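What follows is one structure encoded as structure tokens, with my remarks underneath.
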2 protein chains.
Amino acid sequence: MVDIARLAGVSTSTVSRALSGSSLVNDETKKRVAELARSLNYTINIGAQNLRLSQNRTIAVVIPYDAANRQHVSDPFFLSMLGSLADAITDCGYDMLISRVDADRLDEAAQIYEGGRAIGIILIGQWQHHDQLNDLAVRRVPIVVWGAQLPQQYYCTVGSNNVEGGKLATEHLVSHGRSRIVFFGDRQLPEVSHRYAGYMQILENHHIPLREELYVSSAFTVESGKQALHQLLKSKIPFDAVFACSDLLAMTVISGLRTEGIHVPHDVAVVGYDDIELSQHFHPPLTTVKQSIDVAGRTLVEALVELMAGKAPSPLLLPTSLIVRSTSA
Amino acid sequence: MVDIARLAGVSTSTVSRALSGSSLVNDETKKRVAELARSLNYTINIGAQNLRLSQNRTIAVVIPYDAANRQHVSDPFFLSMLGSLADAITDCGYDMLISRVDADRLDEAAQIYEGGRAIGIILIGQWQHHDQLNDLAVRRVPIVVWGAQLPQQYYCTVGSNNVEGGKLATEHLVSHGRSRIVFFGDRQLPEVSHRYAGYMQILENHHIPLREELYVSSAFTVESGKQALHQLLKSKIPFDAVFACSDLLAMTVISGLRTEGIHVPHDVAVVGYDDIELSQHFHPPLTTVKQSIDVAGRTLVEALVELMAGKAPSPLLLPTSLIVRSTSA
DNA sequence: TGCAATATTGCAATCGATTGCACAAACGTG
DNA sequence: CACGTTTGTGCAATCGATTGCAATATTGCA
């Protein structure tokens with residue numbers, strides 16, 4: 001900017017005003033400055049500008065990760081969410097910073113905000129970090145979390161209606177005559193526990209006994225799903241349906257059953273969760289509970305914008321819907 | 001920082017030095033400052049620090065998008081790459097900024113660098129932007145592109161060996177007795193054109209005539225794949241294999257063929273490209289050419305780091321490998 | 001021509017950090 | 001006790017922008 005000022009024979013004040021289109025500057029001077037800036041490939045230094053104006057257009061997307069497992073980012077639903085957020089954040093004119101934070105030190109996320117790195121945070125992966133997230137909210141960090149609404153919650157969540165989703169899937173399976181429905185997922189996680197609650201309620205409505213042995217604990221990874229299925233089959237517990245907590249798990253289950261000669265949906269019906277793009281191209285096309293990822297991304301950003309504007313957006317539950325395809329006929 | 005200085009009864013200079021662990025500061029003072037900083041939840045303002053030190057630990061990942069189509073980020077290979085980059089960039093201690101840039105104005109990407117927003121750029125999506133990318137390189141923007149190496153190229157690319165990939169797939173199909181192999185993709189794109197070159201060469205090696213009608217142009221979207229397949233089937237051109245330029249396209253093709261009662265691999269063998277995670281869970285499990293996404297992410301970052309260190313890394317070709325599963329027996 | 005009103009421009013302080021240099025206190029030595 | 005060292009701190013300039021206020025140039029009008 002100093003260079004431009006010198007070449008244009010004016011002060012940096014004038015250059016600054018000219019580039020920001022201030023009406024205080026002569027049109028001719030403005031034009032001269034603009035041309036010089038273009039010819040020098042000059043770009044305003046955003047860091048300095050942000051410092052001076054103490055503004056910022058960056059939203060941070062934080063992904064907690066387990067330092068012990070060194071797990072990588074690969075879950076398709078998760079990645080789709082990232083894509084959706086990239087779209088939504090860009091459309092609102094913000095920049096998007098992706099940050100992986102040690103799950104045991106989520107307060108580091110606060111530093112992203114307090115250090116002026118970003119003006120707000122979207123966190124994907126509520127897991128069991130409820131207390132840490134509450135701490136962040138108490139510190140007045142503008143943060144919106146993708147996940148389930150819990151009691152005693154001071155931070156804002158956006159999530160799909162997991163209870164409803166659990167009900168939809170279970171009701172569908174029951175209405176197709178299934179009664180020994182395996183629940184496949186980790187109910188220690190808030191979102192999954194809500195789905196389990198929906199599952200239980202439908203069973204109760206239909207006077208179907210809830211069997212603890214039909215709860216199969218599995219993390220969201222393919223490896224974990226394979227193992228859990230293996231355990232289940234080995235235990236010889238009879239079942240005629242599986243409600244899996246993600247499409248990826250559902251696909252894993254279907255593949256596993258197929259190698260055992262168990263036919264889907266004839267012998268065992270399967271319903272997944274998420275409706276990722278590949279579910280419809282899977283064979284057989286997957287019956288699943290849809291969470292609209294596009295809507296999710298947009299809603300997260302909207303909630304954050306509200307929060308940053310000083311409002312207190314209430315936790316949001318997005319509707320889910322059952323997509324019936326061929327794994328549950 | 002001023003507050004801390006006042007409370008600790010020292011100057012900001014001392015606070016700055018204390019926090020940065022300078023040996024010039026008395027240990028006792030250091031401790032006092034550190035405790036105050038902790039109790040006040042103080043975090044250093046990174047923007048100001050960057051400005052003063054003219055440093056920066058941010059790498060921008062740029063995704064060109066077509067303003068006309070408003071297409072969203074959803075391709076699974078692409079999303080996996082994003083995840084892989086997030087891992088690699090974080091592991092190297094950098095921050096990751098995601099930026100979608102109008103494909104016709106890629107020079108805007110230069111502003112991210114020149115404006116001090118990031119110290120280097122990784123661009124995913126070479127498409128047909130060769131000239132614009134060359135312009136960026138000429139402007140000395142540290143940029144590494146995921147894509148194919150082209151003649152007259154001044155920017156650094158990292159990509160898989162597409163010619164080899166094309167050969168692997170075609171050779172495999174030919175060796176299984178297929179001779180009317182449809183090539184499914186858009187050969188106007190550099191990477192695809194290299195795969196096509198490999199395809200052609202293997203055909204020639206085996207004295208199989210190259211038939212223009214077996215080239216089916218399709219973009220990387222499901223929609224486009226469906227349409228292209230529809231055209232192909234309508235034209236009644238006989239074929240006994242398909243080499244699709246992505247796993248997503250391969251799955252689309254297999255689904256489409258199945259609804260027409262054409263059996264894979266008995267009637268038509270199919271080979272995909274990418275080896276995304278879901279390919280192995282697809283039914284039938286997909287034979288495909290693997291590009292290792294983990295390696296890709298790490299390599300892109302390494303190349304960029306070299307480039308930023310002032311070296312001139314040569315374009316890199318990552319090896320591809322054929323993963324034989326059940327769609328090509 | 002003289003003076004007020006208006007249009008442009010520059011000076012200098014500021015955002016929050018870092019750091020070279022000067023200075024003061026404490027210490028060691030002859 | 002005087003003087004050179006070592007140690008610890010503070011002052012003030014700096015990074016690249018913005019902006020209130022003062023200063024100057026231009027114009028309009030009596």
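Here is the naming used below: chain letters follow the sequence lines, and residue numbers restart at 1 for every chain. This structure is a prediction, so every number in the text was calculated from the model and none was measured.
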Bend angle of the helix from C/dT1-D/dA30 to C/dG30-D/dC1 from five-pair axes at both ends, rounded to 10°? 60°
Are [X] and [Y] close enough that some pair of their side-chain heavy atoms sits under 4.5 Å apart?
{"X": "A/Val305", "Y": "A/Tyr94", "value": "yes"}
{"X": "B/Ile124", "Y": "B/Leu85", "value": "yes"}
{"X": "B/Ile44", "Y": "B/Tyr42", "value": "yes"}
{"X": "A/Phe220", "Y": "A/Val192", "value": "yes"}

Could you list all the salt bridge (Lys or Arg N to Asp or Glu O under 4.0 Å) pairs where at least one residue sits in residues 1-11 of chain B, not counting sequence neighbours?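 Listed by first then second residue: B/Asp3-B/Arg6.
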Counting only non-hydrogen atoms, which of residues 8-20 of chain B are less than 4.0 Å from DNA chain C?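 Output list: B/Ser13, B/Ser16, B/Arg17.
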For [X], all residues meeting side chain to side chain donor-acceptor pair (under 3.5 Å), sequence neighbours excluded:
{"X": "A/Gln126", "answer": "A/Tyr155"}
{"X": "B/Ser160", "answer": "B/Gln291"}
{"X": "A/Gln188", "answer": "A/Gln128"}

Name every residue in residues 22-37 of chain A that has at least one heavy atom under 4.0 Å from any atom of DNA chain D, in order of residue number, or write none if there are no such residues.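 Here the set is empty: none.
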Tell me, please, which residues at least two apart from B/Glu35 pass salt bridge (charged side-chain N to carboxylate O under 4.0 Å, His left out).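 Partners of B/Glu35 under the salt bridge (charged side-chain N to carboxylate O under 4.0 Å, His left out) test: none.
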Going by the rule salt bridge (charged side-chain N to carboxylate O under 4.0 Å, His left out), which residues pair with A/Glu108 if we only count those two or more places apart in sequence or in a different chain?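 Testing A/Glu108 for salt bridge (charged side-chain N to carboxylate O under 4.0 Å, His left out), a comparison that skips the adjacent residues, returns A/Arg105.
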Working to the nearest 0.5 angstrom, can you tell me the gap between A/Asp107 CG and A/Leu133 CG?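 Here the rounded value is 11.0 Å.
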Can you measure from CG (B/Leu304) to CG (B/Leu123) and round to the nearest 0.5 angstrom? 11.5 Å
At the 4.0 Å heavy-atom cut-off to chain B, mark where contacts on DNA chain D begin and end, going 5' to 3'. D/dG8 to D/dG16
Under 4.0 Å, heavy atoms only, any strand: does A/Ile46 hit a base, just the sugar-phosphate, or nothing?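 Touches nothing.
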Looking at B/Val15 and B/Met1, what are the two nearest heavy atoms and their distance?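 B/Val15 and B/Met1 have their closest heavy atoms at CG1-CG, 3.8 Å.
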Going by an N to O cut-off under 4.0 Å, is there a salt bridge joining A/Arg298 and A/Asp87?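 No salt bridge links A/Arg298 with A/Asp87.
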Polar-atom pairs under 3.5 Å, protein N or O versus N or O of nucleotides 26-28 of chain C: list them with distances, or write none.
none

Residues 110-122 of chain A, side-chain donor-acceptor partners within the protein, below 3.5 Å, at least two apart:
unit_1, atom_1, unit_2, atom_2, d
A/Glu114, OE1, A/Arg139, NH2, 2.9
A/Arg117, NE, B/Asp95, OD2, 3.3
A/Arg117, NH2, B/Thr58, OG1, 2.5

